[in-house]
Peer 1: 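Right, I'll just put the structure down here and ask away after.
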2 protein chains.
Amino acid sequence: MTNPTAAMLVIGDEILSGRTREANAYHLAGRLGKAGIDLREIRVIPDDHAVIVDAVRALSAAHTHVFTSGGIGPTHDDITADAVADAFGVGVEVRDDARAALQAAVGPGRTLTDAHLRMARIPHGAALIDNRISGAPGFRIGNVHVMAGVPAIFVAMLDAVLPGLESGLPVVSDELRFEVGEGRIAEPLRDLAAVMPELSIGSYPFHDAGVYGTNIVVRGTDPARVRVAIERLRAIRDADG
Amino acid sequence: MTNPTAAMLVIGDEILSGRTREANAYHLAGRLGKAGIDLREIRVIPDDHAVIVDAVRALSAAHTHVFTSGGIGPTHDDITADAVADAFGVGVEVRDDARAALQAAVGPGRTLTDAHLRMARIPHGAALIDNRISGAPGFRIGNVHVMAGVPAIFVAMLDAVLPGLESGLPVVSDELRFEVGEGRIAEPLRDLAAVMPELSIGSYPFHDAGVYGTNIVVRGTDPARVRVAIERLRAIRDADG
């Protein structure tokens, strides 16, 4: 597959400490697959300025798109905007467009607090990402999309971002359930993978109500080839039965 | 904190494609925190030999311990053992101890298949990790612990591995719920974090049945200091109310 590639960078001590179960990667992975963008890495790192700077630089250089989640709120542990700005060698300032987005969210009569203004600090040259849930915007700088960690807001920001991205051929997938262990079908699977190298053929064992079985998943950008592979797998399964 | 550090490497196309929700990182993070091992990175990568080799080398050099999950079954997409061996510059062979573990699991009278023997291929110099669920062992080479992706087996292998590891002071955590948004408490929080730099103080907004609130989590290796911080937070909360 020669689709554009992507990486996700999850920024948050709460994931690494075991307090919080990461909740955005699965959603992002599904959406990118449908958009024909090949997610190649998910990296979870702590709220540590130098670590964020290094990771943003490495992933931004290696992939077409980078998506970050976490660390853009108003408190002392929200350091993503400053770190991403450093990664691109630019400054950060309270921007009028971000301030206006926050003012619209709190209502026209109310005064913005220091905490609001902290969320209006945007790296120089970045474009805002709309947040229809709570107002505080994300931003895009270079190929890096900086989004919130709160799942409902992450989803809303991704909705705002995805339509404008360079995408590729959607990945189609289909799967077949075998009620035998992986070992029984390893050899024909290997042969099939060898003759259809344009497909990704994965084998996932399961244990379900006393049955040891295997789900075979076929993925590719050509739906006709995926169908051919599934038919061949069905023939293997029926011959084995 | 000067506890030993760790990284987790999740190997699996199925996570990156959005088919499967990653299920082992949360468990590992919780167990490592209790053991006083500081999990500093989680990285999810595809079933790609060169990518696995590079990631194993990078994480092994940077951390006290590395834990991998996935890619040690019998099928063509299970390439972790070969890639980890390459990362350490050693060969892979069917080992007698691994063969014996599989023979014990399938029963003494049965012949091991090629698929079983593939799971007995272990890098030269590695120590086996016991798998009480299905027999097929994991292994440790250098500071890298190679374990299964199937959650029940991952848990069993981690149980086998953790007691022998270099560990540190267990991390204690406590938290306090504020029924106000993050912005209202950002300033006193920042002050508290500044005067107690030995603690990690995290702020996590929530939206629960119409209430916008914030959970403040305090983590550290000295339980007395964590208690002091929680008392100060309670005073901040009561003064605000």
Side-chain angles (χ1 to χ4, degrees), chain A residues 10 12-22 25-34 38-47 51 73-78 113-116 118-119 150 152 171 173 175 181-187 189-190 193-194 200-205 207 217 219, chain B residues 10 12-22 25-33 38-47 51 73-78 113-116 118-119 150 152 171 173 175 181-187 189-190 193-194 200-205 207 214 217 219:
Chain A
V10 178
D13 286 351
E14 70 278 20
I15 313 294
L16 295 169
S17 72
R19 176 186 181 270
T20 303
R21 196 184 287 269
E22 201 288 320
Y26 180 70
H27 176 78
L28 179 67
R31 296 286 301 274
L32 292 181
K34 287 191 185 75
D38 189 14
L39 180 61
R40 296 282 295 175
E41 179 170 340
I42 301 164
R43 198 182 288 195
V44 185
I45 58 172
D47 303 329
V51 174
T75 54
H76 66 282
D77 55 341
D78 291 305
T113 63
D114 286 351
H116 288 124
R118 187 169 159 85
M119 293 190 287
V150 176
V171 174
S173 85
E175 59 185 272
E182 283 193 300
R184 280 276 289 282
I185 46 175
E187 202 177 308
L189 267 191
R190 187 182 318 260
S200 154
I201 301 180
S203 167
Y204 306 107
H207 183 202
V217 177
R219 299 172 61 249
Chain B
V10 179
D13 286 351
E14 71 278 21
I15 311 295
L16 295 168
S17 73
R19 177 186 180 271
T20 303
R21 197 185 285 269
E22 202 286 321
Y26 180 69
H27 176 78
L28 179 68
R31 296 287 300 274
L32 292 182
D38 187 14
L39 180 61
R40 295 282 295 175
E41 180 170 339
I42 302 164
R43 199 182 288 196
V44 185
I45 58 171
D47 305 329
V51 175
T75 54
H76 66 283
D77 54 340
D78 291 307
T113 63
D114 286 350
H116 289 124
R118 185 168 160 85
M119 292 189 287
V150 176
V171 174
S173 85
E175 58 186 271
E182 283 194 299
R184 279 276 289 281
I185 46 174
E187 202 177 308
L189 267 189
R190 185 183 319 262
S200 154
I201 301 179
S203 166
Y204 306 108
H207 183 202
T214 308
V217 177
R219 299 171 61 247

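For clarity, every value in this text was computed on a predicted model and none was experimentally measured. By convention in this document, chain letters (A, B, ...) are assigned in the order of the sequence lines, proteins followed by strands, and residues within each chain are numbered from 1.
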Peer 1: Could you look at Arg31(B) and say if it's the side chain, the backbone, both or neither that has a heavy atom under 4.5 Å from chain A?
Peer 2: neither
Peer 1: What part of Glu175(B) lies closer than 4.5 angstrom to a heavy atom of chain A: side chain, backbone, both or neither?
Peer 2: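 Side chain only.
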Peer 1: Any idea which heavy atoms bring Ile15(B) and Ala29(A) closest together, and the distance?
Peer 2: O-CB, 3.7 Å
Peer 1: Using a cut-off of under 4.5 Å on heavy-atom pairs, state which of Lys34(A), Glu187(A), Met119(A), Arg118(A) scores highest against chain B.
Peer 2: Arg118(A)
Peer 1: Only one of Val44(B), Val51(B), Leu16(B) clears side-chain contact (heavy atoms from CB on, under 4.5 Å) with Arg40(A); which?
Peer 2: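 In the set Val44(B), Val51(B), Leu16(B), the residue that makes a side-chain contact (heavy atoms from CB on, under 4.5 Å) with Arg40(A) is Val51(B).
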Peer 1: In terms of heavy-atom pairs under 4.5 Å with chain B, which of Leu28(A), Val217(A), Thr113(A) leads?
Peer 2: Val217(A)
Peer 1: When heavy-atom pairs shorter than 4.5 Å are enumerated against chain A, which of Pro46(B), Gly30(B), Gly12(B) gives the highest number?
Peer 2: Pro46(B)
Peer 1: Do you know which of Ala186(B), Ser203(B), Ala152(B), Gly183(B) has the most heavy-atom pairs with chain A at a distance under 4.5 angstrom?
Peer 2: Ser203(B)
Peer 1: Tell me, side chain or backbone of Thr20(B) under 4.5 Å from chain A's heavy atoms, or both, or neither?
Peer 2: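 When you check distances to chain A, only backbone atoms of Thr20(B) fall under 4.5 Å.
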Peer 1: Where do Arg21(B) and Tyr26(A) come nearest, in terms of heavy atoms and distance?
Peer 2: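 Heavy atoms only, the tightest pair is NH2-CD2, 3.3 Å.
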Peer 1: Can you tell me which portion of Ile201(B) sits under 4.5 Å from chain A's heavy atoms? Options are side chain, backbone, both or neither.
Peer 2: both
Peer 1: Is the backbone N or O of Ala194(B) less than 3.5 Å from a side-chain atom of His76(A), with the two atoms forming a donor-acceptor pair by type?
Peer 2: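 No; judged by distance alone, with no hydrogens or angles, the pair does not exist.
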Peer 1: Measure across Pro74(B) and Glu182(A) and return the closest heavy-atom pair with its distance rounded to 0.1 Å.
Peer 2: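 Heavy atoms only, the tightest pair is CD-OE1, 2.9 Å.
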Peer 1: Is it the side chain or the backbone of Ser17(B) that comes within 4.5 Å of chain A heavy atoms, both, or neither?
Peer 2: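 Contact with chain A is through both the backbone and side chain of Ser17(B).
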Peer 1: About how many Å separate CD of Glu22(B) and CD1 of Ile42(A), when rounded to the nearest 0.5 Å?
Peer 2: 8.5 Å
Peer 1: Supply the atom-to-atom distance Tyr204(A) OH to Asp77(B) CG, rounded to the nearest 0.5 angstrom.
Peer 2: 5.5 Å
